Amino acid sequence: MELRITALVVICMLSYYVDCGNAQSVCSSESRESEDGLAACLQSIRDTMVNESAFWFGTDYPVNCPVPEYTIECVNLDPTPVSMADRLFFKGTFDVLTIEHYMDVTIHEKPGTYEGCGHIYTSDIEEDHSLDPIDPDPLTPWQTSHGFSASVQGLADTSAHYTLVIQDVGFIFLHGVYINIPGDSFDIANGEAIDAYHGPLYYRNDPQNPYIFMLFRQNQTNMELTQYWTDYFNDPSGSGFFNISDFAADQNLQGPVAINWLMSITDPYISEKQPFVNICPLFVEEAEREVDLYHVPNDIPFTVSVNIDYFSVGMNFSTCCNDYSYENATYSLDPIGDGTVTPFDNKDQPISITLLKMKLTPLPIDFRGELYTLLMIDPDISNNPGTGTREKPLAHWLVTNIPNGRVDQGDIVLSYRGSMPPSGQTHRYQFLLYEQENMLDIDPYDYTPDCQNQGIPDRCLFEVQRFVSENQLQFLGATWYNATSDAYVAYTKVEQGEPKEEVCALIPGYENPCPTSKGTSQHFTRIIVEIVVFVLLVFVIVT
């Protein structure tokens with residue numbers, strides 16, 4: 001039997017570190033059906049717990065982060081490479097043989113809606129995720145936010161009571177403590193929630209981070225917390241850092257007798273639950289990779305959020321044989337949703353532009369001593385090669401020398417020009433944010449030498465790539481919106497003197513000359529009918 005278990009363990013360890021295709025995990029429910037399979041699963045858990053290369057904080061950390069820096073990839077409370085066991089417990093004190101049972105943990109994902117990074121997310125998924133510590137499917141904060149259930153296979157002492165601790169291994173935060181769970185039924189609901197479960201709020205996708213479920217056997221049936229731990233859990237200002245070694249020793253706990261864990265990645269739900277954290281540039285970058293903005297470099301990460309709000313004053317106007325009425329409109333750009341607006345919504349310069357750096361703590365990160373450039377372009381104007389192409393777009397706005405992250409205090413090189421897509425077209429308008437190395441003195445005409453549109457000689461065929469390289473600008477972030485032509489575009493173009501026939505050609509109801517209004521036509525028709533009736537009556541009377 002020992003030989004069979006050893007062979008199974010070797011296979012399971014290979015399946016953990018090597019891609020074995022569709023090979024079944026050693027800790028799958030099917031593998032644990034036999035006594036040998038369960039033994040192999042438990043041994044694999046023990047081995048992984050003490051393996052210093054199994055997780056991101058192990059031997060890979062100094063390789064991936066040779067110089068400790070405050071970056072989203074390298075944040076680490078303790079850069080010393082360690083195993084999961086040594087990360088949680090005092091180094092060298094963890095006894096893997098205390099793990100005697102398999103704890104089956106199921107995460108319950110529920111449908112719902114949340115707002116994150118300026119976008120409304122809706123999920124209709126209702127699914128149970130059974131954790132497999134050896135072949136884990138990574139889960140997001142939203143998926144893990146709704147609760148869990150647990151059962152233990154083959155508890156030896158059903159008369160005992162147990163304590164369950166849930167902890168973030170990478171950052172040592174506590175995510176739940178339940179005491180006095182009866183072993184005969186092992187129902188978490190029958191225990192006492194000292195710190196009710198709250199799911200992971202992890203902030204990156206690579207590397208994944210483990211969250212561990214640890215079950216301890218109590219020496220008391222109705223265990224009470226020591227005064228120190230009572231005060232700890234009652235302190236609302238507690239840091240959240242949790243020393244499991246001290247807790248287990250103080251409460252005289254045995255084990256852990258069973259262990260499982262999930263691997264977490266991130267999603268925008270974290271921005272709703274922890275508003276002081278800003279990882280929204282990650283999700284805007286993911287959205288950008290889907291739409292593939294031409295002037296956004298693929299090898300430079302987004303590190304600053306560009307949040308833009310519009311307010312457009314309502315107006316009434318007539319154009320192309322129609323009357324239009326627009327009410328006041330407010331709109332916040334939603335690049336993650338690749339949002340579409342009408343040109344009326346953004347006819348006026350944004351009322352608010354907020355720049356936010358990526359950050360992971362409540363401590364503010366400011367822009368002191370830094371200068372920025374904001375450029376708005378329309379690369380989709382390529383149907384008009386004399387005005388713009390994908391490579392040399394039409395420039396709609398250019399602000400340089402932005403101090404302290406305050407766009408309103410920057411130097412306006414090109415005043416704001418709202419979106420004006422041709423009738424029947426949708427254009428994607430981009431805002432590109434760059435960091436400057438020094439103060440700039442820009443003449444926009446220097447970057448439009450090929451412009452053939454004399455009405456906008458300092459904007460058309462704007463050489464973005466040359467502008468960026470010559471001024472040593474470093475890309476930081478972007479946002480965008482789609483605009484579909486509306487009546488306001490036609491109205492503006494007619495007012496600017498463009499040929500009415502061309503501008504209004506695709507506008508429903510347009511004729512040249514404009515037809516008489518329906519109400520006026522009916523009025524005259526009624527008058528004519530009344531006159532005819534009167535004449536007929538007179539004729540009858542006379543004759």
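Heavy-atom basis, side chains included; hydrogens, waters and symmetry copies ignored. Just so it is clear, the structure is predicted and the values come from calculations on it, not from any experiment.
The closest donor-acceptor contact from the side chain of Glu272 to the backbone of Glu115 lies under 3.5 Å. Panel note: side chain Asp348, backbone Ser312; no donor-acceptor pair is recorded below 3.5 Å. Using modelled atom types, no side-chain atom of Glu192 and backbone atom of Tyr178 make a donor-acceptor pair closer than 3.5 Å. In this structure, Asn243 contributes its side chain and Ser245 its backbone to a donor-acceptor pair below 3.5 Å. Remark: the backbone N or O of Arg289 is not paired with any side-chain donor or acceptor of Asp292 at under 3.5 angstrom. Thr361 contributes a side-chain N or O that, together with a main-chain N or O of Leu363, makes up a donor-acceptor pair within less than 3.5 Å. The main-chain N or O of Ala40 is never found under 3.5 Å from a side-chain atom of Gln43 such that the two would form a donor-acceptor pair. Side-chain atoms of Asn209 never come within 3.5 Å of backbone atoms of Ser264 as a donor-acceptor pair (strictly under, hydrogens ignored). Side-chain N or O atoms of Arg428 include none that pairs as donor or acceptor with a backbone N or O of Asp380 at under 3.5 Å. Side chain of Thr144 to backbone of Thr140: a donor-acceptor contact under 3.5 angstrom is found.
Of all non-hydrogen atoms in Thr226 and Gln251, the two that sit nearest each other are N-OE1, 3.0 Å. Listed here is the closest heavy atom pair of Val26 and Arg32: O-CG, 4.4 Å. Across all their heavy atoms, Gln208 and Met263 have their closest contact at OE1-CB, 3.5 Å. Across all their heavy atoms, Met214 and Ile244 have their closest contact at CE-CG1, 4.0 Å. Nearest heavy-atom pair, Tyr162 versus Gly183, reported as atom, atom and distance to 0.1 Å: CE1-CA, 3.8 Å. Of all heavy-atom pairs between Thr59 and Pro62, the closest is O-CD, 3.3 Å.
Side-chain atoms of His129 and Thr106 form no donor-acceptor pair, as typed in the model, at a separation below 3.5 Å. Glu370 and Tyr372 are linked by a side-chain donor-acceptor pair at a separation below 3.5 angstrom, with hydrogens and angles left out of the test. A donor atom on one side chain and an acceptor atom on the other are not found under 3.5 Å apart for Asn307 and Ser305. In summary, the side chains of Ser419 and Asn346 do present a donor paired with an acceptor at a separation below 3.5 Å, with no hydrogens or angles considered. A donor atom on one side chain and an acceptor atom on the other are not found under 3.5 Å apart for Ser44 and Asp47. Asn219 and Gln254 share a donor-acceptor pair across their side chains, judged by distance under 3.5 Å alone. Side-chain contact, Thr163 with Gln218: a donor N or O sits under 3.5 Å from an acceptor N or O. Between the side chains of His161 and Asn180, not a single donor N or O lies within less than 3.5 Å of an accepting N or O. Side-chain contact, Asp36 with Ser34: no donor N or O sits under 3.5 Å from an acceptor N or O. Residues Asp104 and Ser151 have side chains that never bring a donor and an acceptor to within less than 3.5 angstrom of each other.
Within the model, atoms CG of Leu432 and NE2 of His295 stand 8.0 Å from one another, a figure rounded to the nearest 0.5 Å. Rounding to the nearest 0.5 angstrom, the gap separating the CD1 atom in Ile279 from the SG atom in Cys117 is 6.5 Å. For the atom pair Asp408 CG and Ile402 CD1, the distance stands at 9.0 Å (nearest 0.5 Å). For the atom pair Trp56 CH2 and Cys65 SG, the distance stands at 8.5 Å (nearest 0.5 Å). Taking CG of Asn278 as the start and NZ of Lys359 as the end, the distance is 7.5 Å to the nearest 0.5 Å. Distance check: Ile336 CD1 to Cys280 SG gives 6.0 Å after rounding to the nearest 0.5 Å.
A salt bridge between Lys357 and Asp366 is absent, with no side-chain N of the basic residue lying under 4.0 Å from a carboxylate O of the acidic one. A salt bridge is defined here as a Lys NZ or Arg NE, NH1 or NH2 lying under 4.0 Å from an Asp or Glu carboxylate O, and Lys91 with Asp86 meets this definition. Using a cut-off of 4.0 Å between Lys/Arg side-chain N and Asp/Glu carboxylate O, Glu100 and Arg217 are scored as salt-bridged.
The aromatic rings of Tyr202 and Phe171 are tilted relative to each other, their planes meeting at an angle between 30° and 60°.
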(request) Go through the steps for Phe55 and Thr48 under the test side chain to side chain contact (heavy atoms under 4.5 Å, CB included), then give the verdict. (result) CA-CA 9 Å; Phe55 301 98; Thr48 305; 3.9 Å; yes

(message) ring-ring contact (aromatic ring centres under 6.0 Å, His included) for Phe302 and Phe475? Distances and angles first, verdict last.
(response) CA-CA 8 Å; Phe302 286 48; Phe475 175 80; 5.2 Å; yes

(message) Between Glu126 and Glu109, does the side chain to side chain contact (heavy atoms under 4.5 Å, CB included) criterion hold? Intermediate values first, please.
(response) CA-CA 5 Å; Glu126 185 167 6; Glu109 179 181 358; over 6 Å; no

(request) Could you check Thr426 against Asn482 for side chain to side chain donor-acceptor pair (under 3.5 Å), going step by step and ending with a plain yes or no? (result) CA-CA 6 Å; Thr426 298; Asn482 299 288; over 6 Å; no

(message) Could you walk me through whether Phe233 and Leu225 satisfy the side chain to side chain contact (heavy atoms under 4.5 Å, CB included) test, starting with their C-alpha distance in whole Å, then the side-chain angles of each, then the deciding distance to 0.1 Å, before giving a yes or no?
(response) CA-CA 10 Å; Phe233 288 111; Leu225 297 180; 3.8 Å; yes

(request) Please test Asp78 against Thr80 for side chain to side chain donor-acceptor pair (under 3.5 Å), starting from the C-alpha separation and ending with a verdict. (result) CA-CA 6 Å; Asp78 181 4; Thr80 305; 3.1 Å; yes

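Heavy atoms of other residues, nucleotides or ligands lying less than 6.0 angstrom from CD of Glu327 number 12 at most.
Between His175 and Tyr211, the gap from one ring centroid to the other is short of 6.0 Å.
For the pair Arg87 and Phe57, the distance from NZ or CZ to the six-membered ring centre is under 6.0 Å and the angle to the ring normal is within 45 degrees.
The side-chain heavy atoms of Tyr429 and His427, taken from C-beta on, include a pair separated by under 4.5 Å. Annotation: side chain of Thr98 is in contact with side chain of Pro256 (closest heavy-atom distance under 4.5 Å). Residues Val407 and Leu355 meet the side-chain proximity criterion, which asks for heavy atoms closer than 4.5 Å. A heavy-atom distance below 4.5 Å is not found between the side chains of Leu164 and Val177. Residues Met358 and Leu282 form a side-chain contact, since some pair of their non-hydrogen atoms from C-beta on lies under 4.5 Å apart. Using a 4.5 Å heavy-atom cutoff, the side chains of Ile188 and Ile181 are in contact. Between Tyr481 and Ile308, the closest side-chain pair of non-hydrogen atoms is not below 4.5 Å. Between Pro335 and Trp480, some side-chain heavy-atom pair lies under the 4.5 Å cut-off.
Each of Phe148, Trp261, Tyr102 was evaluated against Phe213; a single residue qualifies, Phe148, per the ring pair (Phe, Tyr, Trp, His ring centres under 6.0 Å) test. Partner of Tyr269 under the ring pair (Phe, Tyr, Trp, His ring centres under 6.0 Å) criterion, out of Trp142, Phe283, Tyr121, Tyr203: Trp142 alone. Test Trp229, Phe241, Phe216 against Phe247 for ring pair (Phe, Tyr, Trp, His ring centres under 6.0 Å) and you get one pass: Trp229.
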